[in-house]
Amino acid sequence: MPSRPRRLRPALCMMFFVSLPFYLSAQTAGPSPQESNTAAQAATSSQPGRSEPQDPQAVHESATVMRATTRMVVVDVVATDKRGFPITDLKAGDFTIREDGHQQELRSFSFQRPAETSVATLPAPPAPRLPENIFTNVPRYKTDRPLNIILLDALNSTLINQINVHDETLKVLQKLPADRPTAVYALGDKLQVLQDFTSDPAVLRAAVINYSDHASQRLKNPVGDPISQAFMLTTLPSLPALQAYLRFTQNTVSMGADVRVALTLDALQAIARSLAAYPGRKNLIWISAAFPLSLNIDGKTKLKGEAAGRDYSRLVERMADSLMSAQVALYPVDARGMSELSFLAASGATRNPYGGNYADGSGVGLEPVASDLSDELLAAHETMTILAERTGGKAYYNTNDLEKAIRAGMDDGAIYYTLGYYPSNKEWNGKFRRIQIKVEPPEANLRYRIGYFALDPEDYAHEDSRRRAHDLIQALSLETPPSTALLFQARVLPPSEKTRNKVLVDFAIDPHGLSFRHDDDGQEHAAVKCAVEVYSKKGEPLRTEASDITAALKPEAYQQVLRTNLPCRAAFELKQGSYFLRLAVRDERTGLIGSQNAELTVGAK
C-alpha cells in the first residue's frame with residue numbers, strides 16, 4: 001500500500017524557488033537555481049514515490065482561479081440570420097441566459113471574428129527558440145482565428161471507410177486557404193499527432209499522405225465489405241442457428257466495443273487537455289465510421305452483450321466537462337455516408353446476395369442484417385447529435401459528400417460571441433444542467449452548447465485510485481499529446497559535480513492554475529504531483545520518478561509564489577546515453593495536468 005506523504009518539521013521545511021520567470025508568452029529567460037530566503041517561511045514536504053496526498057477539505061481561489069462554488073460557465077454562441085449569414089452587431093444586453101429555467105446574470109461578454117487584414121493570411125512567425133535545457137508546455141502557436149483539429153478515427157472505422165476519408169480529407173486540404181490554422185490527429189489503438197497547428201496546407205497534406213490506414217481489430221468487420229459482412233448471416237440454414245450465432249457474436253463484439261469506448265473517451269479527454277491553454281474556440285472535426293458510444297440525453301451509455309453492465313457516465317461527464325473548459329466544439333462526421341443503406345436497398349432485405357429467399361430454405365436472408373444495421377445507424381446518429389449539441393458543434397451524417405461536411409465543420413464558428421456567467425445554483429452535484437439562450441431579434445438562429453455537468457473540481461481528490469493512476473500514466477506516455485491544462489516550465493540538467501552527479505529536473509509551475517486551500521492556520525495549502533518518465537531513444541520506458549509536494553504557504557510566501565512560480569524538483573541517476581523524457585505535473589485536488597516531452601544526453605562522468 002502506498003504511503004501517505006509526510007509533513008516535515010517546520011525547521012526543516014525549506015522550499016526552494018527555481019528562478020524560471022514564468023511567461024505566458026513564448027518568451028523565456030535562462031534560469032539559475034537558488035534558494036530563497038522568503039521561501040523559508042513556507043512549510044513544504046516532498047515525498048518521492050507514487051503516494052497520494054491527504055484528502056482536501058475545501059478549494060481556495062488563487063489569483064485567477066475562482067472557488068468551485070463560483071465557477072464561471074463559458075458559452076460560445078454562433079448567431080446567424082435566416083440566410084445563414086453571421087450576425088455581427090449583437091450587444092451584451094441583447095442576450096438572455098437561463099440555466100434550468102432560472103435567469104443568470106451575464107458577467108463576461110466578447111465578440112470574436114478574424115482580423116480582416118492581409119497580415120492575418122500570412123503564416124505565423126516561428127516562436128522564439130527556448131534556451132538550452134529549458135522545456136515548456138506553454139502554447140507557442142499564436143493566432144486570432146479559431147483553431148481546427150481534424151481527427152481521423154481508424155479505431156472505429158473500417159478500412160474501406162478510412163480510404164474514403166483519406167481521399168476526401170486531402171481534397172479539403174488541397175483547397176484550404178492559408179489562414180486556417182489546423183492540426184491533424186489520428187486515433188487507432190493510441191492517439192497520434194500527425195501534424196501540430198500550422199497554416200501551411202502543404203504541410204498538412206504531407207501529414208495525411210504519410211499516414212497509413214490500417215484495419216481496426218476492434219470491429220466485427222474491420223475491412224467493411226458489406227457482402228462479406230452479410231455472408232455468414234445470409235447462409236445460415238435456420239432462424240435458431242442465426243439466433244445462436246448472433247448471441248455469440250454480440251458478446252464478442254460488445255467486448256470490443258467496450259475497449260473502443262474506453263480508448264475513444266481517453267482520446268477525447270487527451271485532446272481537450274492538450275488544447276486547454278489555447279485561447280478561443282476550437283473546432284474538433286471527428287471523422288468516424290462507427291461511434292462506440294450510445295448515449296441518451298442525460299449522457300448515460302448503452303452497450304449490448306456482456307459489456308451492457310458497464311457504466312461510462314462518469315467518464316462521459318469528465319470528458320464533456322474537459323471539452324467545455326477548453327472551449328472545444330465537436331463536429332462528428334459519419335464516414336459511412338449512405339453507401340451501406342443503399343446496398344441493402346438494392347439487394348433486398350428478404351433475399352441474400354447468393355440467391356434464394358426465406359421460402360426456398362437457402363438462407364435466412366438479409367432482413368436481420370438490415371435490422372441490425374438500422375439500429376446501429378440510428379444509435380450512432382443519436383450519439384453524434386448529442387455530442388455535438390453538448391459542445392456547441394454540429395453533426396454531419398447521411399451524406400456521401402464528406403469533403404463538404406469536413407469543410408462545413410471547419411468554416412463553422414469562425415465568427416461567434418463568448419458569454420460567461422456564474423451559476424446561481426451553487427450546488428455542484430454532478431448533474432446535467434440545461435442552458436437556454438435567447439437574443440433580440442428573436443428570429444436569429446443560435447447554436448451553443450445545450451448544457452454542462454455541474455462537476456465540483458475538488459471531487460477529483462476522491463476519484464478511484466485506479467482512475468487517478470490511469471490519468472497519470474496517460475499523461476506520462478510519450479505518444480499522448482502534451483497537456484496544457486496546467487502550465488509549467490522545466491529545466492533539465494545532466495549529471496555534474498554541481499548536481500551531485502544526478503539528473504535534476506526543476507519544475508516551475510504556474511500557480512494561477514492551481515487550487516489553494518485556505519486553512520484555519522492562516523496558510524495557503526496546495527497539493528501537487530510532479531513526475532518524470534524516462535524512455536530510451538527507441539521509446540522504451542525505463543523508469544518513473546514521482547514526487548508529491550504539499551505546500552503550506554504563509555501570506556508573504558503565497559504572494560511571492562503568485563508572482564513567480566511553485567517549484568518542484570526531481571533528482572535521479574542515469575547511466576551514460578541519450579534519453580527521451582516525459583515531464584508531467586498534476587494538481588492533486590482538481591486533476592488538472594500539464595505535460596511535455598524533453599530530451600537528455602548523459603555523457604561520461
Side-chain angles (χ1 to χ4, degrees), residues 56-79 90-112 269 272 276 279-282 297-300 313-330 386-393 416-440 446-463 485 512-518 587 589-592:
Q57 300 299 319
V59 174
H60 180 69
E61 71 269 23
S62 66
T64 58
V65 177
M66 293 293 177
R67 292 180 185 271
T69 54
T70 57
R71 184 183 182 193
M72 175 174 280
V73 175
V74 177
V75 187
D76 292 335
V77 181
V78 177
L90 296 175
K91 309 300 180 185
D94 297 328
F95 289 89
T96 301
I97 305 178
R98 293 182 179 275
E99 182 180 288
D100 286 342
H102 301 286
Q103 186 164 339
Q104 307 295 314
E105 180 183 358
L106 183 62
R107 299 295 296 272
S108 70
F109 174 85
S110 64
F111 175 58
Q112 308 291 337
Q269 180 85 3
R281 181 186 179 92
K282 278 76 70 174
I297 194 64
D298 294 324
K300 305 298 182 183
S313 302
R314 180 65 176 171
L315 296 181
V316 171
E317 291 168 5
R318 289 184 58 201
M319 179 269 293
D321 186 69
S322 296
L323 291 174
M324 181 192 76
S325 299
Q327 282 186 267
V328 176
L330 198 56
I386 290 173
L387 290 174
E389 291 179 345
R390 193 70 55 76
T391 60
Y416 62 96
Y417 299 86
T418 299
L419 315 180
Y421 68 94
Y422 296 113
S424 57
N425 183 357
K426 307 302 182 184
E427 184 181 359
W428 296 87
N429 52 16
K431 294 183 178 180
F432 187 75
R433 299 181 181 177
R434 286 188 168 277
I435 298 174
Q436 304 91 24
I437 299 179
K438 295 184 178 180
V439 71
E440 295 293 340
L446 304 181
R447 190 167 69 256
Y448 52 89
R449 66 181 76 252
I450 63 173
Y452 68 99
F453 292 99
L455 301 181
D456 189 338
E458 69 177 296
D459 281 350
Y460 187 81
H462 308 292
E463 281 280 355
H512 304 99
L514 296 172
S515 61
F516 284 89
R517 180 188 65 202
H518 185 76
D587 186 323
R589 295 198 177 97
T590 64
L592 292 181

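For the pair K282 and A326, the tightest heavy-atom approach, listed with the atom from each and the gap, is NZ-O, 2.6 Å. The shortest heavy-atom contact between L446 and A79 is CD2-CB, 3.7 Å. Across Y448 and I435, no two heavy atoms sit closer than the pair CE1-O, 3.5 Å. Nearest heavy atoms, G392 versus R447: O-NE, 3.8 Å. The two residues A276 and A485 have their closest heavy-atom pair at CB-CA, 3.6 Å. Here the closest non-hydrogen pair linking Q327 and G280 is CB-O, 3.5 Å.
Contact of the I450 side chain with the F432 side chain is registered, since non-hydrogen atoms from C-beta on lie closer than 4.5 Å.
Between the CD1 atom of I437 and the CG atom of L419 there is a distance of 5.0 Å, given to the nearest 0.5 Å. To the nearest 0.5 Å, atom CE of residue M324 and atom OG1 of residue T391 are 11.5 Å apart. Atom CZ of residue R281 and atom OH of residue Y417 lie 13.5 Å apart, to the nearest 0.5 angstrom. Expressed to the nearest 0.5 Å, how far OH of Y422 lies from CD of Q104 amounts to 13.0 Å. Separating the CG atom in L330 from the CG atom in L387 is a distance of 6.0 Å, to the nearest 0.5 Å. For the atom pair CZ of R449 and CZ of R390, the computed distance is 10.5 Å after rounding to the nearest 0.5 Å.
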Item checked: Steps toward side chain to side chain contact (heavy atoms under 4.5 Å, CB included) verdict (V73, I97) -> CA-CA 11 Å; V73 175; I97 305 178; over 6 Å; no

Check: What do the steps show when you test V77 against F95 for side chain to side chain contact (heavy atoms under 4.5 Å, CB included), and what is the final call?
Finding: CA-CA 10 Å; V77 181; F95 289 89; 4.2 Å; yes

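For Y421, there are no ring-ring contact (aromatic ring centres under 6.0 Å, His included) partners at least two apart in sequence or on another chain. With sequence neighbours excluded, the residues forming a side-chain hydrogen bond (donor to acceptor under 3.5 Å, both in side chains) with Y452 are E99, R433, listed by chain and number. Take D459 and apply the side-chain contact (heavy atoms from CB on, under 4.5 Å) test, not counting sequence neighbours, and it matches R314, D456.
Checked by atom type and distance alone, the side chain of D587 pairs as donor or acceptor with a backbone atom of S515 at under 3.5 Å. Between the side chain of D100 and the main chain of R434, a donor-acceptor pair closer than 3.5 Å is present. Of the possible polar contacts, none joining the K426 side chain to the S424 backbone as a donor-acceptor pair under 3.5 Å is found.
R318 forms no cation-pi arrangement with Y460, by the criterion of a distance under 6.0 Å to the ring centre and an angle within 45° of the ring axis.
Side-chain contact check for Q103 and T96: no donor-acceptor pair (N or O, by modelled atom type) lies under 3.5 Å.
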